[in-house]
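Only one structure is covered here, and it is reproduced in the block below.
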Amino acid sequence: MTIPKTKLKWIYETMYRIRRFEETMLEQTFKGNAMGVTHPSDGQEAPPTGICAHLTNDDWIGSTHRGHGHCIAKGLDTSAMMAEIMGRSTGQCGGKGGSMHIADFSKGMLGANAIVGASIPLAVGAALTAKYKDNETNSIGVSFFGDGATSQGILHESMNLASVWKLPVIFACENNGYAEATPAWYAVSTEDIASRAEGYGMPGIVVDGMDVFEVYDAAGEAVKRARAGEGPTLIEMKTYRYHGHFHADDTKKYRTDEEEKLFHQKDPISNFEKRVISQKLMTKTELESIKSEIEKEMLVAVEFAMNSPMPDIKDLYKDVYVEYSNSIQGLR
Amino acid sequence: MVEKTNTNPLGPGYENVPGKEMRFRDIFRDTLRAEMIRDENVFLMGEDISGGFDKKTKEPLDAWGGPFAATKGLVQEFGPKRIRDAPISEAAFTGAAVGAALTGLRPIVDLMYFDFVTVAYDQLLSNAAKSRYMFGGQTKVPMTLFARSGAGTGHAAQHSESFYSMLAHIPGLKVVVPSDPYSAKGLLAASIRDDDPVFLVNDKKLINLSGFVPDEDYTIELGKGRYLRNGNDITLVGMSYTSIVCKEAAEKLEADGISCEVIDMMSLSPFDEDILIESIKKTNNVVIVDEDTPRASMASEFAAVIADKGFDYLDSPIKRVTAPHSPVPYNRDLEKAFMPQPEDVVYSVKQVLGL
């Protein structure tokens with residue numbers, strides 16, 4: 001699939017933004033500026049980027065505890081994301097969600113979700129809305145989840161449901177080889193997770209999740225199928241997280257240096273650079289200028305977050321219900 | 001001592017409101033239908049809600065018409081798009097309903113037996129109830145769920161639960177329990193029109209009971225209780241079917257010259273604290289009747305609120321009449337003994353009043 005120049009630039013910009021956001025966010029976490037745990041997704045830039053390259057704000061995605069990359073690829077503002085991670089009132093969710101619950105409904109982002117597998121049926125439901133409304137907006141739903149979630153019943157129920165109802169859904173599995181510290185070779189009963197698709201009557205495709213071009217091509221086909229009303233697709237993207245399960249996790253305890261090195265050689269960003277330069281699709285200057293813009297954006301994001309006020313304590317009682325009843329604010 | 005009262009659910013002055021006697025099951029279906037006509041974004045999902053498909057045409061049949069025939073005839077009128085028969089995947093279709101609600105529809109989920117809630121509980125707790133709050137008020141989840149609770153029909157341990165408190169404990173979720181056809185219509189319509197997720201639990205024992213239902217379109221405010229009977233000596237607090245148990249006990253006690261006030265809570269979350277305190281100010285005594293098991297139950301919660309806010313008005317300890325701390329037994333005699341009976345309420349009232 002030939003990628004238009006503007007899209008190619010967007011892909012590079014998005015992957016680099018995810019990479020630098022995660023690194024910056026980790027720095028801030030270690031400085032004590034994040035208010036809780038964070039789950040970095042650097043190394044896994046290709047899956048969200050290659051898929052969201054085909055989506056618009058009318059399409060919906062469901063995400064995971066490792067959701068920053070999905071948010072960025074869906075167009076969320078990095079300053080509001082950083083502020084959310086720092087628990088500020090200007091954060092994407094007013095400081096009440098945190099790293100694991102960033103959502104932006106105006107961008108078609110149904111929210112990161114910290115129960116493994118729990119966002120999968122939400123994307124199915126969004127696809128149901130699209131079908132219910134006779135595809136007015138031609139929307140689709142994409143559910144991102146990891147290898148760990150494939151052991152959850154909810155994935156299997158959701159795949160069956162989406163297939164039975166022929167819904168426009170993409171099941172996007174980011175297989176990074178580890179569920180926390182437990183390896184997929186131990187916990188997943190099949191070599192290729194994509195093989196699960198057969199049992200639910202949908203195509204299952206395995207791609208190199210470190211290669212954004214491969215992801216882009218596979219996603220293009222799946223999106224086309226979904227928009228044409230031909231039903232769901234499962235895409236398994238074999239990828240790798242450079243950092244641990246969460247910010248303070250030491251991967252040396254359960255991963256080998258050889259393995260880590262191997263995946264760093266497959267780095268989605270540096271391989272993209274090599275490819276576009278050798279194929280004369282983009283120039284070094286173009287890449288450099290994108291990088292420097294993003295460096296500036298990260299500084300702005302941190303400054304914005306650090307200078308933002310904390311939420312009002314009264315926000316504790318806000319938005320539990322659409323109209324909150326005073327009688328249930330707790331017994332004090 | 002005994003005061004003659006108006007037990008019409010609409011209260012005094014409403015005797016001439018146009019309406020008719022209807023069965024709970026019929027008004028429930030009619031209300032679903034009315035709400036689907038009223039708003040095209042309202043649709044229903046659940047197992048067997050049309051109930052069967054024609055092998056040749058692949059078109060849905062109205063064979064079952066849903067569990068307890070709650071949706072009988074609706075698939076013919078609205079088609080399979082809006083009466084959406086689901087595979088046996090409570091978690092997935094409840095989750096899909098949350099996704100649909102987050103993206104602009106107003107789904108209704110029929111979970112069949114209340115016991116099946118646990119299978120879908122994560123989607124209810126983690127997604128339906130929390131999305132609005134954890135995403136900083138960006139969104140709302142206008143969905144309604146319903147399921148049948150209660151012992152007394154020989155459905156045994158896994159089809160007879162009444163664990164309302166497992167739902168009422170969830171911030172972000174509303175819980176309502178109709179006790180007659182009148183409240184079924186008003187609470188169901190209000191739940192479907194509400195912008196928060198609402199769970200309506202209906203006791204199986206109510207399904208074939210009849211009662212007066214006004215013809216007009218009306219809703220019952222979520223979070224409000226009502227008086228089924230006014231009295232002076234003691235307050236009986238009921239919810240769902242135990243409101244009927246309380247009424248029957250009140251009638252028996254009337255013969256003994258004891259005047260009972262009967263409150264039907266109707267909503268369990270939020271719930272009407274004011275009506276509890278208002279009544280206890282007058283009667284100074286209270287018995288709470290709940291078919292749920294007693295630990296961390298609604299009965300315990302009502303008792304706690306009464307102790308906290310109404311302690312000074314009490315002349316006697318707050319008494320709870322509940323099921324025992326046990327699963328629901330199958331044997332008819334054991335099952336009857338499991339459920340609070342009017343005689344149990346009468347006994348406790350006399351105990352509380354020192355008679």
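The basis for the numbers below is simple: all heavy atoms, side chains too, and nothing from hydrogens, waters or symmetry mates. Every chain is numbered from 1 and lettered A, B, ... according to where its sequence line falls, protein lines coming before strand lines.
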Using heavy-atom distances under 4.5 Å, tell me whether A:Ala123 contacts chain B through its side chain, its backbone, both, or neither.
neither

Taking every non-hydrogen atom, the tightest pair across B:Asp196 and A:Val322
OD1-N, 2.9 Å

Mark yes when over 12 heavy atoms from residues, nucleotides or ligands other than B:Gln158 sit less than 6.0 Å from its CD; otherwise mark no.
no

Engaged part of A:Asp134 at the chain B interface, taking heavy atoms whose separation is under 4.5 Å:
side chain

Is there any residue in residues 66-76 of chain A with a non-hydrogen atom under 4.5 Å from a non-hydrogen atom of chain B, and which ones are they?
none

Is it true that, when you exclude B:His169 itself, more than 12 heavy atoms of the residues, nucleotides or ligands shown sit nearer than 6.0 Å to its NE2?
no

Measuring from atom CH2 of A:Trp165 to atom CE of B:Met45, what distance do you get when rounded to the nearest 0.5 angstrom?
5.0 Å

Per-residue contact mode, B:Asp272 against chain A (heavy atom under 4.5 angstrom)
neither

Between CG on residue A:Leu161 and OG on residue B:Ser89, distance to nearest 0.5 Å:
6.0 Å

How far apart are the C-alpha atoms of A:Leu110 and B:Thr103, what are their side-chain angles, what is the distance that settles it, and do they pass the side chain to side chain contact (heavy atoms under 4.5 Å, CB included) test?
CA-CA 9 Å; A:Leu110 290 165; B:Thr103 51; 4.0 Å; yes

Checking A:Asp319 side chain against B:Arg132 main chain: does a donor-acceptor pair fall under 3.5 Å?
no

What part of B:Asn127 gets closer than 4.5 Å to chain A, counting heavy atoms only: side chain, backbone, both or neither?
side chain

Looking only at A:Ser158, A:Ala118, A:Gly141, most heavy-atom pairs under 4.5 Å shared with chain B are made by A:Ala118

I'd like to know whether CD1 of B:Ile37 has more than 12 heavy-atom contacts from other residues, nucleotides or ligands below 6.0 angstrom.
yes

For A:Lys131, is it the side chain, the backbone, both, or neither that has a heavy atom closer than 4.5 Å to a heavy atom of chain B?
neither

For B:Gly95 versus A:Leu122, what's the shortest heavy-atom pair and its separation?
O-CD2, 3.5 Å

Shortest non-hydrogen contact between A:Tyr321 and B:Ile170, atoms and distance
OH-O, 4.0 Å

Contacting moiety of A:Gln92, where chain B heavy atoms sit under 4.5 Å:
both

Which residue out of B:Leu102, B:Asp194, B:Val98 racks up the most heavy-atom pairs below 4.5 Å with chain A?
B:Leu102

Measuring heavy-atom distances to chain A, does B:Lys130 have an atom under 4.5 Å in its side chain, in its backbone, in both, or in neither?
neither

So for atom NZ, which belongs to B:Lys281, do other residues, nucleotides or ligands contribute more than 12 heavy atoms lying within a distance under 6.0 Å?
no

Note: A:Pro121 and B:Ala92 closest approach over all heavy atoms is CB-O, 3.7 Å

Give, as side chain, backbone, both or neither, the part of B:Leu173 having an atom under 4.5 angstrom from any heavy atom of chain A.
backbone

I need the contact set between residues 93-106 of chain A and chain B: heavy-atom distance under 4.5 Å, sorted by residue number.
A:Cys93, A:Lys96, A:Gly97, A:His101, A:Ala103, A:Asp104, A:Phe105

Chain A contacts, top residue of B:Lys140, B:Arg82, B:Glu90 (heavy-atom pairs, under 4.5 Å):
B:Arg82

Begin with the C-alpha distance, continue with both residues' side-chain angles, and end with the deciding distance and a verdict on side chain to side chain contact (heavy atoms under 4.5 Å, CB included) for A:Glu323 and B:Asp195.
CA-CA 9 Å; A:Glu323 280 176 53; B:Asp195 277 341; over 6 Å; no

Between B:Phe135, B:Phe43, B:Phe93, the one whose heavy-atom pairs under 4.5 Å with chain A are most numerous
B:Phe135

Give the member of B:Asn41, B:Thr94, B:Asp274 that has the highest number of heavy-atom pairs under 4.5 Å with chain A.
B:Asn41

Nearest-0.5 Å distance that lies between atom CD1 in A:Ile115 and atom CD in B:Gln123:
9.5 Å

Of the listed residues (B:Leu105, B:Asp122, B:Val141), which shares the most heavy-atom pairs with chain A below a 4.5 Å separation?
B:Leu105

How about CD on A:Glu198, more than 12 heavy atoms from neighbouring residues, nucleotides or ligands closer than 6.0 Å, or not?
no

Counting only heavy atoms not in B:Glu40 (residues, nucleotides, ligands), do more than 12 fall under 6.0 Å from its CD?
no

Smallest separation among heavy atoms of A:Thr129 and B:Ala100, with atom names
OG1-CA, 3.2 Å

Spell out, as yes or no, whether a donor-acceptor pair under 3.5 Å connects the side chain of B:Tyr133 to the backbone of A:Leu316.
yes

